[in-house]
Structures are given as C-alpha cells and as structure tokens.
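In the text below, chain A, chain B and the rest are named by the order of the sequence lines, each starting its count at 1.
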Protein chains: 2
Amino acid sequence: MPNKNWWKEILKQNGISFTKIRETIINILQNTESHLSAKEIYIIAHKKNKSIGLTSVYRTLDILTKLGLLHKFEFGDGEARYELDEKVNNKSHHHHLVCVRCNKIIDYTDFVKDETDFINKSEKGLSKIYNFDIKGHMIRFYGFCEKCRDK
Amino acid sequence: MPNKNWWKEILKQNGISFTKIRETIINILQNTESHLSAKEIYIIAHKKNKSIGLTSVYRTLDILTKLGLLHKFEFGDGEARYELDEKVNNKSHHHHLVCVRCNKIIDYTDFVKDETDFINKSEKGLSKIYNFDIKGHMIRFYGFCEKCRDK
DNA sequence: ATAAAATTGAAAATGATTTTCATTTTCAAT
DNA sequence: ATTGAAAATGAAAATCATTTTCAATTTTAT
C-alpha cells in the first residue's frame, strides 16, 4: 500500500474521476473487517452522505473490480460481497471458511506455505495441460461454524 | 453408483415422490458433460415433455441439492449451475478452471494426490483452530482459456 | 379404488443488479 | 477563477434469476 491515497493515483491513471462518493465508498472498504455487500455499503455510505444512491455504490464497486483493486465474491447468501485486494489493503494472503448455516465468513491465513507449494505446482501444470492463462485461484472450505455445529 | 435408479430409492427413503418430471430432470443431469443452469435444464426438459415448467426444474434442483446429490455452483455469469455429486454420478474428484472472458468451464482431475495432502492437512488444522465442522471444499482457478488468451 | 398428501404449472411476487435519462459535478484548458 | 465538454450522479424504470402463491393434478399408502 503506497499511502492512504493510493487509489486517487490509480483512478487518475485510468482516466476515472475522483469524487466524494468514490472516496466515501473506498474508505468504507478500507475500514471494514467484514465482507460487505453492495446494500450494506450503501447503508453505511448513505449515513455519511445522504445524497449517495445505491446505483453509485454498484457503479463504484464495478469500476474497482474491473481495475483489479477489489474482489467480488458469492458466498451463497444471494448477494455479492466485496473485499479490497490484499496488496492494495495491505492484508495477508487469505482464503475463506464459510458457515453453510449462518453464512459467517472467516478469513484464514494458515497453511500458506503448503498452499503456495500446491497452487504453484497445480497452476504450472494446468496452464500447460489446458493451455490456460491462469490469473488467480480460490480455495474455500464449507461447513458449520462454532455456534452452528451443535444445532 | 448403485445402479441407474439409485435416486428412486433415495427419494423414497426421504419421503419424496417419484415423478416423471423428476426422472426427466435427473436423466438430463446424468447425461450431460456440461454445467447446466436451471434455464438450460428447463429448455432440454421442456423439449422432451411440453408440460414441464421452469418452476418444477428449480424445485427439483433444490430437493436434490438439499439431499446432497447435486451441487450448486456460481461461476460468475449470473445464473447458478449444477453438477451431480461425483459419487452419485460415478465421476472422478475434480475442480474447475474458469475462463473469465467466455465463461468456459473445464473440469480437471489433475494433481489429486497433492490436493488431497494439502486439503487434509488444512482441513484438520482449520477445524481445530476455528472450531469449524468442515464438510467440503472448493478449489478453482480463474484465467483465460485457450481461445481467449490471445485476444 | 380412494382419499389424503405431495406435486405441479402459471402467474405473480421478490430481490439483486443494471439501464435510462435528465441533472449535476469534475477537470483540463484557459 | 471560469468555462465547457466529458464523466458521474440519483431516481425511477427495467431486467432477470429465483421464489411464492394457489388452484388443479398426480402420487402414494391404504
């Protein structure tokens, strides 16, 4: 993460205007630990600035996603959820543990070494076998969280 | 896979009626190599039997998914896609390679040994660390397929 | 054969996301 | 600082996958 305003520079480089609304949304994404949906982001943004509409939230999320600064996930609860890129947000490489009952999502950073070895080997092999230009991967575990496992 | 009619027995065991419509949908799932969406299944089913409606397709897919016989995936193209369980359909354990440009999905079965080692270790560790009762995992690679990589 | 329970299709409802369009804001060039 | 074209905006309408409702039909246990 260059500095707090890394994104202003990137928007400019891509010919995208800097606006109060986009600043608000990016700040929300930078300051959350959860996996917010567009509507959840809208609710927070709208409290800070009554003039922000849901449409602009969707549009900003799309722009950031297309620039690769943001990642869009579907965890199975019907709405897309977003996370700033690890590099952009200065976070460790992680994946998710998803509770199929309450939809709780845990970010985990364990077993990165094993993961890296496995992913590198698979990626290299699959690229060759299927002539695929691999850009990213996803690993996810599903099950019952602490609170839901006994119910 | 017990035999061709494995599912009749399972439905009965779960108090679910056996109907022509369900038979048609299950046959379609058994005979496809692709990752069909509800609408695609409906189109095929409807050709075979004009009285089948889209609603019943959704309902049957839900039932099979809840019984664990079918798996529901979201690959990012806006509609859920379905695959019969590997055991049920006598297929090898596999994961997916997804083209982010044309949405092509490749099932791959390579590096299973490495995967099993990595997944087992992670699953055991994560279960303990997060007190999670892990039931399944997903591994997926995103990138550009053979046809899209040069465009 | 029969009646209660389960299933069905069509149409309506839902809910997330996208599009439209008239208005407002941004930004580069003055 | 001013300005005007281009980009961004909110509200409302449109879209589209999925779910619900409900009256009619089919299945199943008897």
Measure the distance from [atom1] on [X] to [atom2] on [N] and round it to the nearest whole Å.
X     : N      : atom1 : atom2 : result
B:K8  : D:dT28 : NZ    : P     : 10 Å
A:K39 : C:dT14 : NZ    : C1'   : 10 Å
B:I41 : D:dT18 : CD1   : C1'   : 14 Å
A:N49 : D:dT9  : CG    : P     : 11 Å
A:L54 : D:dA12 : CG    : C1'   : 12 Å
B:N14 : D:dT27 : CG    : P     : 19 Å
B:L11 : D:dT27 : CG    : C1'   : 13 Å
B:Y42 : C:dT8  : OH    : C1'   : 13 Å

[X] versus [Y]: any side-chain heavy-atom pair under 4.5 Å?
X      : Y      : value
A:K72  : A:R81  : no
B:Y82  : B:H71  : no
A:D117 : A:F111 : no

Minimum-distance nucleotide to [X] side chain [options: [options]]:
X     : options                : result
A:I16 : C:dT17, C:dG9, D:dA8   : D:dA8
A:R59 : D:dA17, C:dA16, D:dG10 : D:dG10
A:T19 : C:dT26, C:dA16, C:dT8  : C:dT26
B:T55 : C:dC27, C:dT7, C:dA11  : C:dA11
B:Y58 : D:dT18, C:dT17, C:dC21 : D:dT18
B:F18 : D:dG10, D:dT28, C:dG9  : D:dT28
A:S17 : C:dA16, D:dA8, C:dT17  : D:dA8

Open item on the list: Pick the closest DNA chain C nucleotide for B:K20 and for A:G78 by heavy atoms, then say which residue is nearer the 5' end.
Closed with: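 With B:K20 and A:G78 compared, the 5'-side residue is B:K20.
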- [ ] By nearest nucleotide on DNA chain C, pick out whichever of B:S56 and B:G15 is the more 5' one.
- [x]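 Per heavy-atom nearest nucleotide, the more 5' residue is B:G15.
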Task: DNA chain C contacts made by residues 62-77 of chain A, counting heavy atoms under 4.0 Å - done: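 Those residues whose heavy atoms fall under 4.0 Å from DNA chain C, taken from residues 62-77 of chain A in numerical order, are A:D62.
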- [ ] Select base, sugar-phosphate, or nothing to describe what B:R22 touches, counting heavy atoms under 4.0 Å on all strands.
- [x]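 Result for B:R22 = sugar-phosphate.
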- [ ] Looking at every strand, decide which applies to A:S37 at a 4.0 Å heavy-atom threshold: base, sugar-phosphate, or nothing.
- [x]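 Nothing, no heavy atom under 4.0 Å.
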TODO: Answer yes or no: are there more than 12 heavy-atom neighbours, outside B:Q13 itself, under 6.0 Å from its atom CD?
DONE: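 Count over threshold, so yes.
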Task: OG-CD1 distance between A:S56 and A:I41, expressed to the nearest 0.5 angstrom - done: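 It comes to 13.0 Å.
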Open item on the list: Is it true that B:N120 and B:E123 share a donor-acceptor pair across their side chains at a distance under 3.5 Å?
Closed with: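 No, because no side-chain N or O of B:E123 sits under 3.5 Å from a partner of the opposite role on B:N120.
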- [ ] Would you please indicate yes or no on a ring centroid separation below 6.0 angstrom for A:H95 and A:H137?
- [x]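 Yes, they do, as the ring centres are separated by less than 6.0 Å.
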Open item on the list: Both distances below 3.5 Å, Watson-Crick or wobble geometry, any strand: find the nucleotide opposite C:dA5.
Closed with: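 In the structure as shown, C:dA5 has D:dT26 as its Watson-Crick or wobble partner.
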- [ ] Provide the Watson-Crick or G-U wobble partner of C:dA28, both distances under 3.5 Å; none if there is no partner.
- [x]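 Base partner found: D:dT3.
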TODO: Take B:S17 and B:T19 through the side chain to side chain donor-acceptor pair (under 3.5 Å) test and state the conclusion after the steps.
DONE: CA-CA 6 Å; B:S17 303; B:T19 68; over 6 Å; no
